[in-house]
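Notes to accompany the following structure.
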Amino acid sequence: MNYLLMLFIIVFLFFLLQWTNAKKDYQTAKRLKQEFDDWLGSKGESKKPNNAEFALLFEKRYGLSSSIIQVHRGNSAVIVTENVDLIASFPSLHNQLIPKELYALENLLDYFELQYKEVLTFNYWINAIIFLPSKIVQYLGIKENSVAAKLVNFIYWIFSAAYLSWRPFLQNLISDFFK
């Protein structure tokens, strides 16, 4: 199979995967924000937003599975400070958590909307072709700036340059091998 055709198919499949994931995350964040707004407006009587979806989006965005914040309660004589996990307690009608939850939801919505729009840009795909192995390694859960991702990218560049430079020689070598 032609190397460029194979690369095109891989990039196209990668594009579909990135686009569908970005769209799904954006739609989930948008729906969670709407459900939370409706839930707040009804004082907890309407459909409760899904905590698991919030936790997944939060971890995708920030890489954190918990976000500890301090909550104060008490009267003028005694004030008690407690640590509360924003993610585990989502959604909450506690008056000190609501602004933080709204802020987190708005940030998630903005971030995933940006990700969704970025996937549709030409510049994103030029970078995706140049750094294709790094993007695939990142999709598998390895950090993009890790040594492994850089090594895979380097091998990809060397292989691509070697293949394009020695293509006729390699084709003859392979065809002679299978005779």
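Every value quoted in this text rests on a predicted model; they were computed, and no experiment measured them.
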Worksheet entry | Reported CG-to-OG1 distance for the pair L16 and T20, which is rounded to 0.5 angstrom | 7.0 Å
Discussion item. Let me confirm one number: the CD-NZ distance from Q34 to K30, rounded to the nearest 0.5 Å.
Written reply: 9.0 Å
Item to complete: Please check if the side chain of D85 supplies one atom and the backbone of S67 the other of a donor-acceptor pair under 3.5 Å.
Response: yes
Worksheet item: Which atom names give the shortest non-hydrogen contact between E35 and K47, and what distance separates them?
Response: OE2-NZ, 3.2 Å
Item to complete: Decide whether F122 and W19 are clustered together by the hydrophobic rule: side chain heavy atoms of Ile, Leu, Val, Met, Phe, Trp, Tyr closer than 4.5 Å, transitively.
Response: yes
Worksheet item: Which pair of heavy atoms, one from V152 and one from P133, lies closest together, and at what distance?
Response: CG1-CB, 3.2 Å
Worksheet item: When the ring planes of Y62 and F58 are compared, do they come out parallel, tilted or perpendicular, using 30° and 60° as the limits?
Response: tilted
Fill in: Side chain proximity check, T121 to Y124, heavy atoms < 4.5 angstrom
yes
Discussion item. Grouping I, L, V, M, F, W and Y whenever their side-chain heavy atoms are under 4.5 Å apart, do Y156 and I126 come out in a common cluster?
Written reply: yes
Practice prompt. Could you verify whether a donor N or O on one side chain and an acceptor N or O on the other, from Y116 and Q27, lie under 3.5 Å apart?
Written response: no
Discussion item. Nearest 0.5 angstrom please: F36 CZ to L102 CG, how far?
Written reply: 5.0 Å
Practice prompt. Might you point out which heavy atoms bring L93 and I98 nearest each other, and give the distance in Å?
Written response: O-CD1, 3.6 Å
Discussion item. Please determine whether side chain to side chain contact (heavy atoms under 4.5 Å, CB included) holds for the pair T28 and L57, giving the CA-CA distance in whole Å, both sets of side-chain angles, and the decisive distance to 0.1 Å.
Written reply: CA-CA 8 Å; T28 302; L57 290 179; 3.8 Å; yes
Worksheet item: Would the number of heavy atoms belonging to other residues, nucleotides or ligands and lying under 6.0 Å from CZ of F154 be above 12?
Response: no
Worksheet item: Checking side chain to side chain contact (heavy atoms under 4.5 Å, CB included) for the pair F12/I9: CA distance, chi angles, key distance, verdict?
Response: CA-CA 5 Å; F12 181 73; I9 291 170; 5.7 Å; no
Worksheet item: Is a side-chain N or O of W125 found less than 3.5 angstrom from the main chain of V119, in a donor-acceptor match?
Response: yes
Worksheet item: Does the pair R31/E53 count as a salt bridge with the N-to-O cut at 4.0 Å?
Response: yes
Item to complete: Heavy atoms only: give me the nearest L32-P49 pair and the separation to one decimal.
Response: CD2-CB, 3.9 Å
Worksheet entry | Q18 CD to L120 CG distance, which is reported to the nearest 0.5 Å | 11.5 Å
Worksheet item: What is the distance from atom CG of L56 to atom CD1 of I87, rounded to the nearest 0.5 Å?
Response: 10.0 Å
Discussion item. How long is the straight-line distance from CZ of F54 back to OG of S89, given to the nearest 0.5 Å?
Written reply: 8.5 Å
Item to complete: Can you see which heavy atom on A104 is nearest to which on L86, and at what distance?
Response: CB-CD2, 4.3 Å
Worksheet entry | Test: D25 and K60 ion pair at under 4.0 Å | yes
Worksheet item: Is atom NZ of K100 surrounded by more than 12 heavy atoms (other residues, nucleotides or ligands) closer than 6.0 Å?
Response: no
Worksheet item: Checking E101 side chain against S92 main chain: does a donor-acceptor pair fall under 3.5 Å?
Response: yes
Fill in: S42 side chain to D38 backbone, donor-acceptor under 3.5 Å
yes
Worksheet item: Are F112 and Y26 close enough that their ring centres sit under 6.0 Å apart?
Response: no
